[in-house]
There are 2 protein chains.
Amino acid sequence: MLTRSEEDHLKAVYALLLEGESALTKDIAQRLRTKASSVTDMLKKLADKGLLKHEPYYGVKLTAKGRGHALQLVRRHRLWETFLVQRLGFGWDEVHDVAEQLEHVADDKLTDRLDDYLGKPGFDPHGDPIPDRKGRIRERKTQRLSVCQAQDCVRIAAVSETTDGLLRLLDAKGLRIGTQLVVLEVHPFDGSMDVKPKNGAAFSLSKDVSHHLQVEPV
Amino acid sequence: MLTRSEEDHLKAVYALLLEGESALTKDIAQRLRTKASSVTDMLKKLADKGLLKHEPYYGVKLTAKGRGHALQLVRRHRLWETFLVQRLGFGWDEVHDVAEQLEHVADDKLTDRLDDYLGKPGFDPHGDPIPDRKGRIRERKTQRLSVCQAQDCVRIAAVSETTDGLLRLLDAKGLRIGTQLVVLEVHPFDGSMDVKPKNGAAFSLSKDVSHHLQVEPV
DNA sequence: TGAATAAATTAGACTAGACTAAAATATGGA
DNA sequence: TCCATATTTTAGTCTAGTCTAATTTATTCA
């Protein structure tokens, strides 16, 4: 059994590794809003349990066991998000905090039955893939909106950053999973781009925003 | 915000007070499988927060605020039990432990939406009443099966003790909420009674069992 | 290369929540 | 009333998890 804090650290490592680069002590601390010294202690504990390898100044690598645990956390988180949106009528931008709590209820039978009940969904309301009971993830061929060119026609497939601020901004502009866009123009000066949703007026998106939108070709 | 341990203590007090008598430090410790000295500390903390009054050797009394908190815990517990049985297909005798975890996810919006989603049920799968969002409880006129007489026709309305052992025994005998019974005979010697379910053969129940079955007249 | 900087760890303190053992306090029967 | 017993509290210890401050270790750039 992992404690809540151990689970939080494991998930942070997993998320940082996914976002590319390496997971350094300070990165983990920043993400969990704690101090590096606290993270040092926890990494030692997780390494002792065989969930990860830690090389100072280089980063953390998950073992197969650690990755498995992390994937189960992600699975539970995304299944609950799906439940909250699909069944309880929550907005996709208001489910993160509650799912953060529900994900720590560890009971395989519960998780599997919830999965069945929801129809074994492959993706959550943010468009992120939901690992199956064995931790397998369905792939999708998407790219960041920020790397698209003028004239590209795309559909929003996922949002890779789930802060309240970004989610609300997207909501205000009518951008959600499935929304289709045409890229009108890209401004190399600041990386901003003008886009036009299928059913709406054109507007501009900063690079900070377009960087976090995963899109698939239409 | 209450911590998990504070919530557990509050719930233990509430449950003990319901079961009649008073809630003594040692009773709470016994129920939570901790020591009396630990309970002393926690009662002090809860008293400081205005959730209860404690008079040594006499017992604990909940304040209105404390009772309100306890009722919200009970509400969440029973709503989740209902969800697990009604929607996820769990047996009514296997949901207690999971609900014990889910009840600590405190989010009013989640609770209220779950309530709506389940159709605002008045009673959980064990037949226990579910407090509404204001903590109000629907009453029912039931009595213990153990006080019934020969010839009484009753329906099982609730099980007042939810240990795995009892629940499994009931399950094995085909006794569940809603099952109708005729009391054939009561043996004053040991308090056991012979009963016959509506659709089944007669058998005998010990007083330990009949004491925990709440029934309503048919 | 070596000094400045960034990252990480160590040392030590603190809190919450549990424990044991001992002391204090109340109860109840003779 | 008074003693034996049950209950409760107190005092002190322990662990998990966090923190700050100080120190160590690595990296980088002039």
Side-chain angles (χ1 to χ4, degrees), chain A residues 1-17 19-62 66 69-70 73 100-101 103-104 106, chain B residues 1-17 19-62 66 69-70 73 100-101 103-104 106:
Chain A
M1 261 319 290
L2 296 186
T3 66
R4 167 114 195 205
S5 179
E6 286 169 340
E7 287 190 341
D8 286 339
H9 282 75
L10 202 56
K11 211 176 70 148
V13 169
Y14 177 82
L16 285 166
L17 291 178
E19 284 172 18
E21 320 80 57
S22 50
L24 299 179
T25 303
K26 76 158 169 40
D27 300 327
I28 299 168
Q30 185 173 24
R31 175 173 280 256
L32 295 179
R33 297 215 180 84
T34 62
K35 301 299 170 181
S37 55
S38 309
V39 173
T40 298
D41 291 345
M42 210 45 122
L43 289 182
K44 194 157 168 301
K45 188 179 290 192
L46 290 171
D48 286 349
K49 293 195 176 187
L51 297 164
L52 50 80
K53 305 277 184 201
H54 181 208
E55 306 208 21
Y57 300 91
Y58 172 70
V60 169
K61 290 259 168 294
L62 291 176
H69 272 277
L73 279 168
E100 197 84 354
Q101 301 203 42
E103 76 187 5
H104 293 286
Chain B
M1 263 319 289
L2 295 186
T3 66
R4 167 113 196 207
S5 179
E6 287 169 340
E7 287 190 341
D8 285 339
H9 281 76
L10 203 55
K11 210 176 70 147
V13 169
Y14 177 82
L16 285 166
L17 292 178
E19 284 174 16
E21 321 79 58
S22 49
L24 300 179
T25 304
K26 76 158 170 43
D27 299 327
I28 300 167
Q30 187 173 22
R31 175 172 281 256
L32 296 178
R33 296 213 181 86
T34 62
K35 302 299 171 182
S37 55
S38 310
V39 173
T40 297
D41 291 345
M42 210 44 120
L43 289 182
K44 193 156 168 301
K45 187 180 289 191
L46 290 172
D48 287 349
K49 293 195 176 186
L51 296 165
L52 51 78
K53 304 279 184 198
H54 181 207
E55 306 208 22
Y57 299 92
Y58 173 69
V60 169
K61 290 258 169 295
L62 292 176
H69 271 278
L73 279 168
E100 198 84 355
Q101 300 201 44
E103 76 186 5
H104 292 288

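Labels below follow one simple rule: chain letters A, B, ... track the order of the sequence lines, proteins then strands, and each chain is numbered from 1.
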What's the [atom1]-[atom2] distance between [X] and [N], to the nearest Å?
| X | N | atom1 | atom2 | value |
| --- | --- | --- | --- | --- |
| B:Asp41 | D:dA11 | CG | C1' | 11 Å |
| A:Asp48 | D:dA16 | CG | P | 12 Å |
| B:Asp27 | D:dA6 | CG | P | 15 Å |
| A:Lys26 | D:dT27 | NZ | P | 14 Å |
| A:Met42 | C:dT9 | CE | C1' | 16 Å |
| A:Leu43 | C:dA8 | CG | C1' | 10 Å |
| A:Lys44 | C:dT10 | NZ | C1' | 11 Å |

Legend entry - Closest-nucleotide 5' rank along DNA chain D - winner of A:Ser38 and B:Val39: B:Val39

Inset, instruction - Quick one: label A:Thr34 by what it contacts on the DNA or RNA (base, sugar-phosphate, nothing), any heavy atom closer than 4.0 Å. - result: sugar-phosphate

Legend entry - Touch class at under 4.0 angstrom, heavy-atom based, for B:Thr40 against every strand present: base

Shortest non-hydrogen separation from [X] to [Y] and the atoms involved:
| X | Y | value |
| --- | --- | --- |
| B:Ala23 | B:Leu17 | N-CD2, 3.9 Å |
| B:Met42 | B:Ser5 | CE-OG, 2.8 Å |
| A:Ala12 | A:Ile28 | CB-CG2, 4.2 Å |
| A:Arg4 | A:Glu100 | NH2-O, 3.9 Å |
| A:Ala29 | A:Ala36 | CB-N, 3.7 Å |
| B:Leu52 | B:Leu43 | CD1-O, 3.8 Å |

Is there a side-chain contact between [X] and the phosphate of [N], meaning an N or O under 4.0 Å from OP1 or OP2?
| X | N | value |
| --- | --- | --- |
| B:Thr25 | D:dT7 | no |
| B:Ser37 | D:dT10 | no |
| A:Lys35 | D:dC19 | no |

Inset, instruction - May I have the step-by-step check of side chain to side chain contact (heavy atoms under 4.5 Å, CB included) for A:Asp8 and A:His104, ending in yes or no? - result: CA-CA 9 Å; A:Asp8 286 339; A:His104 293 286; 3.2 Å; yes

Legend entry - Heavy-atom check, side chain of A:Lys49 versus side chain of A:Leu2, under 4.5 Å: yes

Legend entry - Partner of B:Lys11 under side-chain hydrogen bond (donor to acceptor under 3.5 Å, both in side chains), chosen from B:Glu103, B:Glu6, B:His69: B:Glu103

Legend entry - Residue-level proximity of residues 49-60 of chain B to DNA chain D when a heavy atom falls under 4.0 Å: B:His54, B:Pro56, B:Tyr57

Legend entry - Within residues 1-14 of chain A, residues whose heavy atoms come under 4.0 Å of DNA chain C: none

